[in-house]
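Order of the sequence lines sets the chain letters (A, B, ...), proteins ahead of strands, with each chain counted from 1.
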Number of protein chains: 2
Amino acid sequence: MEAPEFREFAKSMVDYIADYLENIRDRRVLSDVKPGYLRPLIPDSAPETPESWEDVMKDIERVIMPGVTHWHSPKFHAYFPTANSYPAIVADMLSGAIACIGFSWIASPACTELEVVMLDWLGKMIGLPKEFLACSGGKGGGVIQGTASEATLVALLGAKAKKIEEIKVLHPEWSENTIISKLVGYSSSQAHSSVERAGLLGGVKLRGVAADENNRLRGEALEAAIKKDLEDGLIPFYAVVTLGTTNTCAFDHLDECGPVGNKYGVWIHVDAAYAGAAFICPEYRPLLKGIETADSFNFNPHKWMLVNFDCSAMWLKDPSWVVNAFNVDPLYLKHDMQGSAPDYRHWQIPLGRRFRALKLWFVLRLYGVQNLQAHIRRHCGYATQFANLCRADERFEIVGDVNMGLVCFRLKGANEKSEKLLKHINGRGKIHMVPSKINDVYFLRMAVCSRFTRPEDMEYSWKEVSEAANDICNG
Amino acid sequence: MEAPEFREFAKSMVDYIADYLENIRDRRVLSDVKPGYLRPLIPDSAPETPESWEDVMKDIERVIMPGVTHWHSPKFHAYFPTANSYPAIVADMLSGAIACIGFSWIASPACTELEVVMLDWLGKMIGLPKEFLACSGGKGGGVIQGTASEATLVALLGAKAKKIEEIKVLHPEWSENTIISKLVGYSSSQAHSSVERAGLLGGVKLRGVAADENNRLRGEALEAAIKKDLEDGLIPFYAVVTLGTTNTCAFDHLDECGPVGNKYGVWIHVDAAYAGAAFICPEYRPLLKGIETADSFNFNPHKWMLVNFDCSAMWLKDPSWVVNAFNVDPLYLKHDMQGSAPDYRHWQIPLGRRFRALKLWFVLRLYGVQNLQAHIRRHCGYATQFANLCRADERFEIVGDVNMGLVCFRLKGANEKSEKLLKHINGRGKIHMVPSKINDVYFLRMAVCSRFTRPEDMEYSWKEVSEAANDICNG
């Protein structure tokens with residue numbers, strides 16, 4: 001494909017995208033295809049000679065769209081939001097054109113340097129202490145990871161390397177394997193599944209500590225778990241504090257857990273994957289209290305801050321533990337300027353990385369802080385709107401607090417009723433939600449996800465829930 | 001930003017991209033900025049209110065381009081190529097608009113199903129045995145990873161899980177930590193740095209086995225290493241066979257190493273990150289001999305097959321070892337169709353994933369197999385052209401064989417001369433290369449990287465090398 005054709009094709013795609021997103025409300029939100037639907041729709045091998053781009057464009061509606069679950073529809077309330085915005089899409093086009101691999105500074109200085117400065121911009125926006133920012137001139141700084149799962153794993157590996165080095169000094173007679181077998185990390189029992197997975201990947205024990213009745217991890221519970229493990233000869237090294245759990249968007253008490261971590265030499269990693277974006281609004285920043293005790297902090301602009309996936313922002317007070325843990329440095333990756341700017345390949349699991357800072361830059365400049373704050377506040381308002389509709393219907397109950405853009409609710413009574421309700425809702429496919437369960441109480445999660453949502457969309461979603469409840473209760 | 005503005009902005013970006021790529025040859029390939037160049041060029045915090053997209057566009061040339069190393073210039077010969085094509089850029093635009101997170105089938109069935117079928121298309125194109133393909137109806141199948149580093153790590157973790165389970169049956173009295181401390185994996189001493197890093201991340205020993213005089217791992221050497229470790233009470237579990245090393249694009253003897261792996265119950269992972277794309281040409285497929293002995297195979301269409309980063313294709317004969325090793329399955333990620341299609345979150349390190357199969361689909365259809373083959377053959381031809389120019393100059397010598405699109409060469413005599421030469425070349429910034437070193441012999445690597453390369457570009461690059469040599473030899 002040559003440039004003139006690309007200009008036509010890409011501009012035709014621009015129009016398709018604008019039409020798709022502006023009319024996304026009209027599509028069935030949850031795909032109703034059956035597994036295996038796609039294979040019969042296309043040939044069983046690649047064509048020998050080129051097809052026309054017009055034919056490829058036609059196949060989007062025929063082959064792809066029937067199998068798409070529309071995450072950006074105002075009728076999508078599953079999981080948590082994933083971001084999508086026009087500035088981010090355009091930035092990604094530029095990133096695809098430059099298509100550098102930013103594993104070292106010299107591989108494209110702009111790729112590294114814009115990332116360093118954007119993470120400073122973003123850190124200031126959410127009120128991070130200056131120890132986390134590169135502009136402070138200290139050790140700290142930020143990096144864009146692909147996902148929060150990777151941030152959790154990277155922090156765990158850094159904490160593991162740090163603790164192994166500490167213990168080796170105290171017990172030179174212990175083998176590394178002996179030390180690793182004694183390491184133990186912590187998170188709330190409400191933490192995301194990726195935390196447990198990080199423990200499996202990192203080959204260390206991770207303990208789920210019971211959260212309180214509000215699904216929040218308390219300092220006392222964390223300290224009790226640490227003390228017990230110390231008595232048993234284990235070595236506490238890492239704790240994940242979640243700000244905004246996936247189940248109910250509960251906030252662990254960072255101001256209690258952080259000091260406990262510091263007291264026992266336990267690395268505190270703060271996972272604010274979804275809710276962290278809210279800290280750009282000063283009124284939510286009290287939930288960040290205690291952040292000065294953390295060693296690493298992570299949130300996903302690709303969830304709730306309009307920067308397309310993948311853009312998971314992570315800050316470390318002292319990146320050297322991560323950088324040195326896995327520093328493998330062949331000659332073909334060395335360069336003369338090493339040390340004067342970060343070589344981000346040492347900060348992450350993969351070697352390669354795209355020019356992801358561009359989309360952060362475009363979104364921050366083309367929205368401005370105020371519009372991003374307005375976006376957060378609008379979503380929180382919609383959750384309140386939905387919760388009020390729910391509270392006004394005596395068949396329903398809200399589960400826990402309504403935090404950020406998430407409402408957890410259920411039909412009063414046995415779990416089976418709510419399970420039947422959700423099955424009915426998703427079967428109709430007019431709106432889409434997923435369930436969760438805490439202490440054997442099953443509930444539905446209504447997450448506000450779309451940037452296109454309007455108050456009447458929330459009314460529509462509630463009406464759909466209410467009608468499904470009618471069907472269930474009468475059926 | 002609303003849709004009408006997006007249409008203007010994005011179309012303006014389309015034109016910028018076409019202009020940038022069509023004229024990329026005219027830019028200085030290696031950025032000559034100094035570390036810290038970017039920070040003073042932009043404000044120190046995000047704007048409160050939106051800027052105009054025209055202002056953002058203007059800043060691309062002012063802020064970004066001075067710090068870009070142009071990977072797609074015909075004058076770029078560093079590392080290995082990374083892919084960039086018009087069809088892939090357009091596909092990524094669509095992926096950014098749909099912006100689903102394909103962690104499970106239901107999260108967007110098209111995202112999973114297109115990936116399954118595209119990996120079948122691609123597997124057929126390179127002649128993989130049917131045991132690796134989902135269309136065979138067996139266990140096997142493919143997945144798109146972010147990078148080859150992740151594929152190496154995922155395979156290692158699968159191999160580790162498999163071997164631990166085997167040993168637990170034989171030695172129920174051994175703890176998991178005891179078993180892990182005995183595990184040992186292998187790769188050629190010429191393997192990529194990410195293999196060593198996978199060992200560090202996975203917490204197991206990895207041994208570099210000396211390659212032969214042609215930098216290729218032989219079956220005999222692998223078997224000797226395995227036997228020695230068995231005698232020492234260790235447990236061999238994993239071997240990486242590299243097809244196309246980073247240093248010299250050498251090919252390990254898969255047909256020798258594979259049977260050794262099978263004989264000793266050692267998982268064979270084939271890393272063909274760069275060179276694997278060449279297997280779409282039947283004449284290169286003899287280098288794939290022995291592939292039926294492998295457990296997993298990986299190559300990067302995002303390197304040499306015109307699919308933009310990230311698209312690292314991986315096939316597993318039996319994915320269950322990977323899937324079950326880290327299967328953490330909370331209620332909010334479960335769905336009714338589980339088991340009838342892959343839930344790719346279990347096949348990879350992160351949880352989230354973009355709709356990456358789209359760019360594979362677009363590239364395969366809009367180029368067609370024949371044009372992709374022509375691209376590979378052209379690059380190999382350019383390498384031969386450069387090598388011949390080099391051979392005709394008696395000051396130079398070629399290091400090893402000329403494989404695929406890579407030429408390794410040096411000034412005859414002491415390393416210092418070639419080191420000085422490369423420094424001089426990169427200092428002039430007209431072309432860009434990186435060095436490597438084997439057995440204390442330092443050499444320059446000339447990789448053919450750009451899809452815009454023409455024969456006269458190779459003449460230009462050679463002329464630049466030759467003139468730099470004049471400067472060095474006379475200076």
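If you measure heavy-atom distances from A/Glu2 to chain B, the contacts under 4.5 Å come from the backbone alone. In this structure, chain B has no heavy atom under 4.5 Å from any part of A/Ala88. In this structure, the portion of A/Leu153 lying under 4.5 Å from any heavy atom of chain B is its side chain and not its backbone. A/Tyr16 touches chain B through its side chain: at least one heavy atom from C-beta onward sits under 4.5 Å away, while N, CA, C and O do not. Both the backbone and the side chain of A/Asp19 have a heavy atom closer than 4.5 Å to some heavy atom of chain B. Both the backbone and the side chain of A/Lys11 come within less than 4.5 Å of a heavy atom in chain B.
Contact detail for A/Ile98 and B/His72: the closest heavy-atom pair is O-CD2, 3.3 Å. Scanning all heavy atoms of the two residues, the minimum distance from B/Asn371 to A/Pro50 falls at ND2-CG, 3.2 Å. Considering all non-hydrogen atoms of both residues, B/Arg39 and A/Cys135 come closest at NH1-CB, 3.4 Å. Shown here for B/Phe6 and A/Val14, the closest heavy-atom pair between the two residues is CE2-O, 3.7 Å. Annotation for B/Arg197 and A/Pro350: closest pair NH1-O, 4.2 Å, computed over non-hydrogen atoms. For B/Met1 against A/Tyr86, the heavy-atom pair with the smallest separation is O-CD1, 3.3 Å.
A donor-acceptor pair is defined here as one N or O able to donate and one able to accept, closer than 3.5 Å; no such pair exists between the side chain of B/Trp53 and the backbone of A/Pro87. Of the possible donor and acceptor atoms, none in the side chain of A/Trp121 sits under 3.5 Å from a partner among the backbone N and O of B/Pro47.
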Validation: residues 99-112 of chain B side-chain donor-acceptor distances under 3.5 Å, sequence neighbours left out:
{"residue": "B/Ser104", "atom": "OG", "partner": "B/Ala107", "partner atom": "N", "Å": "3.4"}
{"residue": "B/Trp105", "atom": "NE1", "partner": "B/Glu113", "partner atom": "OE2", "Å": "2.8"}
{"residue": "B/Ser108", "atom": "OG", "partner": "A/Thr69", "partner atom": "N", "Å": "2.9"}

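Looking at B/Arg365 and A/Asp59, their side chains come closer than 4.5 Å, going by heavy atoms from C-beta outward.
Among A/Lys34, A/Gln145, A/Lys423, A/Lys160, the residue making the largest number of heavy-atom pairs under 4.5 Å with chain B is A/Lys34. Put simply, of A/Asn308, A/Asp44, A/Leu364, the one with the most heavy-atom pairs under 4.5 Å next to chain B is A/Asp44. Per-residue counts of heavy-atom pairs under 4.5 Å with chain B were compared for A/Val68, A/Asp55, A/Ile24; the largest is that of A/Val68. With respect to chain B, the highest number of heavy-atom pairs below 4.5 Å among A/Ser181, A/Ala325, A/Ala341 belongs to A/Ser181. Top candidate by heavy-atom pairs under 4.5 Å with chain B, chosen from A/Thr178, A/Thr147, A/Val90, is A/Val90. With respect to chain B, the highest number of heavy-atom pairs below 4.5 Å among A/Phe355, A/Trp361, A/Tyr20 belongs to A/Trp361.
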